[in-house]
Amino acid sequence: MPYSNTEEEAFASIEYIMRDVDYGWVIRYMHTTGASMFFAVVYLHMFRGLLYGSYQKPKELVWIFGCAIYLAMMAEGFLGYVLPYGQMSYWGAQVIISLFGAIPYIGESLELWIRGDYYISGITVSRFFALHVVALPLVLIALVFLHLVALHEVGAGNPEGVDIEEHLDEDGVPLDSVPFFPYKVLNALVGIGVFMTVFAVIMFFFPEGGGYFIEMANFEEANPLVTPEHIAPVWYYSPYYAMLRAVPDKLGGLIVMGSAVAILFVVPWLDKSKVASIRYKGIYSKFALALFGISFLTLGYLGTVSVTELRKTMSVICTIIYFAFFLLMPFYTKYEKTLKVPERL
Amino acid sequence: MSEMVGKLFGWVNSRLPLSNTFERHLSKHPVPSKVNFWYLFGALASVVLLFKLFLEYG
């Protein structure tokens, strides 16, 4: 393994992989592009869940395991981003780790415990490496396994929100179903082909993604004495970063950020609708979901740019909409007029 | 030769749920017959994860 998880060599070892190791650049760009694409497909996968009520009874656990996967991915991505020990690795870690310091009483000790040192150093890099390549991948594999086992137990949903278990043939197999293999596997291969093409184009031609996939400041080695002019996370964390900056108090920001992820876990109990799919839900749900989507994307943009008064106000408004979408869900899903779901798919 | 392989498979299969698992989770696992493109991204997420686990561990 040419990568070195030490303070002195981490940054140089990445450059060594990029320049001198045969096809090292392919492996690295595959990894960085893969990180962004992983988040991209997971965000679309999660939005599908909100669109078609994929969290509704009896799929609550499938959804909860999914949220846990998302949380583990965020941790995994953060740990990995620190490893090249560039400027953004260092200062990104500085921002995130110091957040834990805002927790009353235990904050400071917690910060020290995470870093393993009084400031971010080789010790931090070394433990983050262990967590990134062994501990969290194992957690992710276990959670994905549970996500799939739970899904196969209760059965996959569909865009109509029809319960296919209602109409079975003489063998007890749903009439509106096909076997996963080979039908869905071959079907998915077409999509996988398109996806791999997009993946390859990004990997070979736009690996930095205009500074959104690999940030420009990370091509400079970490320097504790020079703060970059503009600290921003990679695109897949930026909505939460915008929320963090929208709150003036550090602890308040941490609470808002944490709650934004935590609230996802309870969505199955916030949706009181009689129907699952957005196709048969009422106008309030459609309006709420559209507004939520726009706010989340806006927060994503705001988290990547520097703060101005106007942008700060926009962040506050979008954060309020983000939480309102979830907190008002029990009301607008209950009191809206829904359409009748068809019997068969 | 193939008879021996078949016998060996039979021996293992009656002690380990090989064909049972294949049928339960793949060849006989029922999935809705009509879904749209939004249902593709779960498969893509597993593809990326497999990439990361098998291709990038140099």
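The sequence lines fix the lettering, A, B, ..., with proteins before strands; numbering per chain opens at 1. Computed from a prediction, not measured in an experiment: that's the story for all the values here. Values below: every heavy atom of this structure, side chains too, minus hydrogens, waters and symmetry copies.
Interface remark: A:I141 contributes side-chain atoms only to the contact with chain B (heavy atom separation under 4.5 Å). Contact annotation for B:L40: only side-chain heavy atoms (C-beta onward) come within less than 4.5 Å of a heavy atom of chain A. In this structure, chain A has no heavy atom under 4.5 Å from any part of B:F37. Looking at A:L175, there are no atoms closer than 4.5 Å to chain B (heavy atoms on both sides), in backbone or side chain. Heavy-atom distances place no part of A:M46 under 4.5 Å from chain B, backbone and side chain included.
Within a 6.0 Å sphere centred on CZ of A:F145, heavy atoms belonging to other residues, nucleotides or ligands number 12 at most. More than 12 heavy atoms of other shown residues, nucleotides or ligands fall within 6.0 angstrom of atom NZ in A:K286. Around the OH atom of A:Y3, the shell of radius 6.0 Å holds more than 12 heavy atoms that belong to other residues, nucleotides or ligands. Heavy-atom contacts from other residues, nucleotides or ligands closer than 6.0 Å to CZ of A:R19 number 12 or fewer. Counted within 6.0 Å of CD on A:E15, heavy atoms from surrounding residues, nucleotides or ligands total more than 12; the atom is thus considered enclosed. The environment of A:M74 atom CE is dense: over 12 non-hydrogen atoms of other residues, nucleotides or ligands sit within 6.0 angstrom.
Taking 4.5 Å as the limit, every side-chain heavy atom of A:V144 sits out of range of all side-chain heavy atoms of B:S46. Using a 4.5 Å heavy-atom cutoff, the side chains of A:Y183 and B:V31 are not in contact. Counting only heavy atoms from C-beta outward, the side chains of B:V35 and A:P159 approach each other to under 4.5 Å.
Of all the listed residues (A:G24, A:G157, A:A156), the one sharing the greatest number of non-hydrogen pairs under 4.5 Å with chain B is A:G157. Ranked by non-hydrogen atom pairs under 4.5 Å with chain B, the options A:L140, A:V42, A:I69, A:V133 are led by A:V133. When each of A:V185, A:I164, A:D176, A:V26 is checked for heavy-atom pairs under 4.5 Å with chain B, A:D176 comes out on top. With respect to chain B, the highest number of heavy-atom pairs below 4.5 Å among A:S54, A:G49, A:A40, A:G191 belongs to A:G191.
Side-chain atoms of B:S27 do not come within 3.5 Å of backbone N or O of A:F181 as any donor-acceptor pair. Between the side chain of B:K52 and the backbone N or O of A:H31, at least one donor-acceptor pair lies under 3.5 Å.
One finds the CZ atom of B:R24 at 9.5 Å from the NE2 atom of A:H152 (value rounded to the nearest 0.5 Å).
Scanning all heavy atoms of the two residues, the minimum distance from A:L345 to B:P32 falls at CD2-CB, 3.8 Å. Nearest heavy atom pair, residue B:F41 against residue A:L44, reads CE2-CD1, 3.5 Å.
For A:F38 and B:F51, the gap between ring centers reaches or exceeds 6.0 Å.
Ring pair A:F180/B:H29 is perpendicular by interplanar angle, where above 60° counts as perpendicular and below 30° as parallel.
Inspection of the A:Y52 and B:N36 side chains reveals an N or O donor paired with an N or O acceptor under 3.5 Å.
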